[in-house]
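The block underneath contains the structure these notes are about, expressed in structure tokens.
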There are 2 protein chains.
Amino acid sequence: MIILSKLADYGVIVATHLAAYPARQVTAGTVAIETRLPQATVAKVLKALAHSGLVTAARGAGGGYRLARRATEISVAEVVAAIDGDIGLTQCSVHVDECARTTYCPTRPHWAAINRAVGEALSAISLDAMLTPAAFVPRMASPAAPQPDEPRFSA
Amino acid sequence: MIILSKLADYGVIVATHLAAYPARQVTAGTVAIETRLPQATVAKVLKALAHSGLVTAARGAGGGYRLARRATEISVAEVVAAIDGDIGLTQCSVHVDECARTTYCPTRPHWAAINRAVGEALSAISLDAMLTPAAFVPRMASPAAPQPDEPRFSA
DNA sequence: TATTAACGGACCAAATCGGTCCGATTTAGG
DNA sequence: CCTAAATCGGACCGATTTGGTCCGTTAATA
């Protein structure tokens, strides 16, 4: 299974690209070329980012986008949430009222702890951190060979 | 966005239900009734769990399913992976070869660290733990009011 | 006033997902 | 044996979501 939608993935790429040149104001078309992503899709992604306030948009000639905050102060979690919406593991996490099992489902309360962990993992890394070279990423390779029977969480 | 598919969610519910009566061998129909889930879907879920070796299946009259291991030794991560497949945040996490951006995409290596965190969160909790009362779930409620501008990771 | 570029939304094709159903196979019991 | 009970392994469909494109409108610059 893949957790992030393609759009959210693009969102992180685009936002990280903007973070690489903080002062510059760029058009959606330029970002598309530089990231080698389809331009119509990049425009859609930037619209979503602008709508959530992560980037500021300037219309008209000479307009374009730029980060609304410093790259150290925007987390991957925010970018993902801007495009895919608020993050929850299960149906009842996001749409609490629509779950008829609320009263008798024993597993439900336990998702909260896992949810926190996922959220914190996504919140802990900033766009600025995404720009640092891969060599500095902590524990990128598995310390030991993965157990064959264990589910894999690959890079 | 919702991370787990409905089927995977059902899988955890069903597996947890089996964990509640470790010695019993039950049919898919019985599990469906007791969990109040549609029986055809429960059958599908149990098939997937059996295929991955998490539960053992006995065919024929008097057959049914039971956990293959003790409830303390099966993690939520395994149940989810059995139904939704191996877990990865991005496309390039799961289908490494299909990503044309591999060579120049700066963000790619950084997903590994986040991936680990998500995987560990899902691996840390066992089916047995899912059965413990909600009052013992650590830090279920937020210690402080959530920041309005921060993405939410609700229960 | 013309050009540039974001905005807002509609729109479509494709893929995925939830859910059901059926024939084949296996086991237990009378 | 023969029948009933169950899983197994797929196929299958309808609904929803998703990825991606396009267009008219608005706003800003020169």
Side-chain angles (χ1 to χ4, degrees), chain A residues 1-14 18 24-33 35-66 68 80 82-85 90-91 94-95 98-100, chain B residues 1-14 18 24-33 35-66 68 80 82-85 90-91 94-95 98-100:
Chain A
M1 71 164 308
I2 288 149
I3 294 179
L4 267 60
S5 73
K6 241 181 197 174
L7 268 315
D9 197 355
Y10 291 165
V12 176
I13 294 173
V14 166
L18 290 185
R24 185 174 66 147
Q25 188 160 57
V26 274
T27 70
T30 305
V31 172
I33 293 173
T35 57
R36 313 190 201 182
L37 297 175
Q39 63 177 7
T41 303
V42 168
K44 188 178 196 172
V45 165
L46 280 169
K47 264 186 271 187
L49 295 179
H51 190 74
S52 70
L54 291 179
V55 306
T56 58
R59 299 169 70 156
Y65 295 95
R66 73 171 66 189
V80 170
I83 294 172
D84 281 355
T90 59
Q91 305 280 333
V94 179
H95 307 114
E98 293 174 15
C99 181
Chain B
M1 70 164 306
I2 288 148
I3 294 180
L4 266 60
S5 74
K6 240 179 196 174
L7 268 314
D9 197 354
Y10 291 165
V12 176
I13 293 173
V14 166
L18 290 185
R24 186 175 64 147
Q25 187 161 59
V26 273
T27 69
T30 304
V31 172
I33 291 172
T35 57
R36 312 190 203 182
L37 297 175
Q39 63 177 6
T41 303
V42 168
K44 187 179 196 173
V45 164
L46 280 168
K47 265 186 269 187
L49 294 179
H51 189 76
S52 69
L54 291 180
V55 306
T56 59
R59 299 172 70 161
Y65 296 94
R66 73 171 67 188
V80 170
I83 295 172
D84 281 355
T90 60
Q91 305 279 333
V94 178
H95 308 113
E98 294 174 14
C99 181

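Note on naming: letters A, B, ... go to the chains in the order of the sequence lines (proteins, then strands), and numbering restarts at 1 for each one.
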Pairwise N/O distances under 3.5 Å, protein to nucleotides 24-30 of chain D:
unit_1: dT26(D); atom_1: O2; unit_2: Arg59(A); atom_2: NH2; d: 2.7

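Of all the heavy atoms in Val26(A) and Leu18(A), the pair that sits closest is CG2-CD2, 3.4 Å. Between Ala8(A) and Ile83(A), the shortest heavy-atom distance links the atoms N-CG2, 3.8 Å. What you find for Leu49(A) and Gly11(A) is that their closest heavy atoms are CD1-O, 4.2 Å.
One atom, CG of Leu7(B), and another, C1' of dT16(D), lie 14 Å apart when rounded to the nearest Å. Spacing between atom NZ of Lys6(A) and atom C1' of dT21(D) amounts to 15 Å, rounded to whole angstrom units. Remark: P of dT17(D) and CG of Leu4(A) are 18 Å apart, rounded to the nearest angstrom. Here dT17(D) presents its C1' atom at 12 Å from CG of Asp84(A), a figure rounded to the nearest Å.
Residues passing the side-chain hydrogen bond (donor to acceptor under 3.5 Å, both in side chains) test with Thr30(B), sequence neighbours excluded: Thr27(B). Residues passing the side-chain hydrogen bond (donor to acceptor under 3.5 Å, both in side chains) test with Ser52(B), sequence neighbours excluded: none. For Ala43(A), the side chain to side chain contact (heavy atoms under 4.5 Å, CB included) partners at least two apart in sequence or on another chain are Ala28(A). Partners of Ala57(B) by side chain to side chain contact (heavy atoms under 4.5 Å, CB included), not counting sequence neighbours, listed by chain and number: Ala50(B), Tyr65(B). Gln39(B) pairs by the side chain to side chain contact (heavy atoms under 4.5 Å, CB included) definition with Ala32(B), not counting sequence neighbours. Taking the side chain to side chain contact (heavy atoms under 4.5 Å, CB included) definition, one finds that Arg59(A) meets it with nothing, sequence neighbours left out. Shown here are the side-chain hydrogen bond (donor to acceptor under 3.5 Å, both in side chains) partners of Thr41(B), two or more places apart in sequence or in another chain: there are none. For the salt bridge (charged side-chain N to carboxylate O under 4.0 Å, His left out) test, residues two or more places apart in sequence or in another chain that qualify with Arg24(A) are Glu34(A).
In terms of phosphate contacts, Tyr65(B) brings a side-chain nitrogen or oxygen within less than 4.0 Å of OP1 or OP2 of dC8(D).
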**Study point:** Met1(A) and Val80(B): CA distance, side-chain angles, deciding distance, side-chain contact (heavy atoms from CB on, under 4.5 Å) verdict
**Key:** CA-CA 9 Å; Met1(A) 71 164 308; Val80(B) 170; 4.2 Å; yes
**Study point:** Criterion side-chain hydrogen bond (donor to acceptor under 3.5 Å, both in side chains) on Ser5(A) and Asp84(A), from CA distance to verdict
**Key:** CA-CA 7 Å; Ser5(A) 73; Asp84(A) 281 355; 2.7 Å; yes
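At a non-hydrogen distance threshold of 4.0 Å, Thr27(A), Ala28(A) from residues 26-33 of chain A come into contact with DNA chain C. For the segment residues 38-56 of chain B, residues with any heavy atom less than 4.0 angstrom from an atom of DNA chain D are, sorted by number, Lys47(B).
In summary, contact between chain B and DNA chain C, defined as any nucleotide atom under 4.0 Å from a heavy atom of the protein, begins and ends at dG18(C) to dA28(C) in the 5' to 3' direction.
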